[in-house]
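First the structure, in the form of structure tokens, and then the observations on it.
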Amino acid sequence: MLNADRLPPAAPECTDPEPLRERIAAELLAARARTAALTDCVDDRDLTAQHSPLMSPLVWDLAHIGNQEELWLLRNVGGRDPMHPEIDPLYDAFEHPRAARPTLPLLPPAEARAYAHEVRGRVLDLLTSSPLEGVPLLDRGFAFGMIAQHEQQHDETMLITHQLRPGPAALSAPPPPAADPGRRPAEVLVPGGPFTMGTDTEPWSLDNERPAHEVSLPAFRLDTTPVSNAAYQEFIADGGYDDPRWWTPEGWEHRWRAGLEAPLFWQREGGRWLRRRFGVTEPVPGDEPVLHVCWYEADAYARWAGRRLPTEAEWEKAARHDPATGRSRRYPWGDAEPTADRANLGQRHLQPAPVGSYPAGESPHGARQLIGDVWEWTASDFLPYPGFRAWPYKEYSDVFFGPEYKVLRGGSFAVAPVACRGTFRNWDYPIRRQIFSGFRTAVSVDET
Ligand SMILES: [Fe+2]
């Protein structure tokens, strides 16, 4: 859906404001095209219904996208007065939990669309005159980039709502590329030593990705690809869900309380596993990365396999460190933007690609699909980097730091390129599995 291949040059290469304005406009338009595709394919009843208590009605996301854009770009950057101050509290994500949002007097679909459209028109006008420098919020177009990422993040959230929505399919997309028939080692070696984690230079990076800092790690081995459905089925068939040896005490308690027996959306029929994917029931494809597992399941699988989840630092070193230069790069393949042959991003497909796909996206160590396909659970809690500074608002990450959240890395097929890079950090509760989450495993070299 989002055609990253045809975007103008990446923001970091832009020094002249005109290409940067073009890039910003292209990102805003790409996000809006995706928002429209996700909301125009269902009727008003579907837009206002709450399909799961875990999610907002789609119409809430739609107006919230416009409201945040108005707040940050028209008011904070442009100095304009509020367009409809009375609706601000309705669309403040911290004021109303998702489960309560259907009871609010939300804008109906036609009005939500008109509001977001009106904001966008004024923002594009503002962009033509904005100096894109002079204050930190405007430096290299940061606030515009933040808003493009925000909309794409809500598009991912809306895609999750589509996955949870009952009824027939409303979305379609071509299948991902066929599996790469080449032979690959099961794991790659990442040698010990220091690397630079986080960034000071990525212009649209968010506060929790900063600052850059050196981290030294012992050598480890990492799965070449995410864990596949076929491998995960072996864990199930071996009684993995019924053996407390593989689970943390909290995970074991949760497994029983929540009745976990397989990834979310799976069901057994006869001797085989089926899954429901965006309104279609189909056999579980063995060669795809496993999807919709929680951290506890990922952690239990890793222990059953005699391994462990990688730490967040290990994941980032595998994805960014270039042993030839000692430098950390933007992506596993280098500094160039994601393209359709490097990573499965941007809802181009409605599922992950088979494990081992995207040879052009391989890291120097030989790992594949670190970017795109499935979010990868790591062993790590969501914590600030040394020297972290909350910016431009405390509620983006600062209020979430702590041991109750686990970090996920790498983005999924549902994540847009603008909201995905080697430094990007996602976080969620260890029980979450409606998200597009999978994992790969690691082992310390001295344990092999
Ligand atoms: Fe938001």
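All ligand and atom numbering here is 1-based and tracks the order in the structure. The analysis underlying the following values was restricted to heavy atoms, covering all of them including side chains, and did not include hydrogens, waters or symmetry mates. In this text, all values refer to a predicted model and were calculated from it rather than measured experimentally.
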ask   = Mind checking what makes side chain to side chain contact (heavy atoms under 4.5 Å, CB included) contact with S437, not counting sequence neighbours?
value = W377, L408, I435

message = Could you enumerate the protein N, O or S atoms under 2.8 Å from the Fe ion (ligand 1), written like residue then atom name?
response = H64 NE2, H150 NE2, H154 NE2

message = Salt bridge or not between R327 and D335? Use side-chain N to carboxylate O under 4.0 Å.
response = yes

ask   = Hey, are E337 and R342 close enough for a salt bridge, meaning a charged N less than 4.0 Å from a carboxylate O?
value = no

request  = Using salt bridge (charged side-chain N to carboxylate O under 4.0 Å, His left out) as the criterion, list what pairs up with D61, not counting sequence neighbours.
outcome  = none

task = Would you please name every residue forming a salt bridge (charged side-chain N to carboxylate O under 4.0 Å, His left out) with R307, sequence neighbours left out?
result = E187, D223

task = Flag the pair E376 and R409 as a salt bridge only when some basic side-chain nitrogen lies within less than 4.0 angstrom of an acidic carboxylate oxygen.
result = no

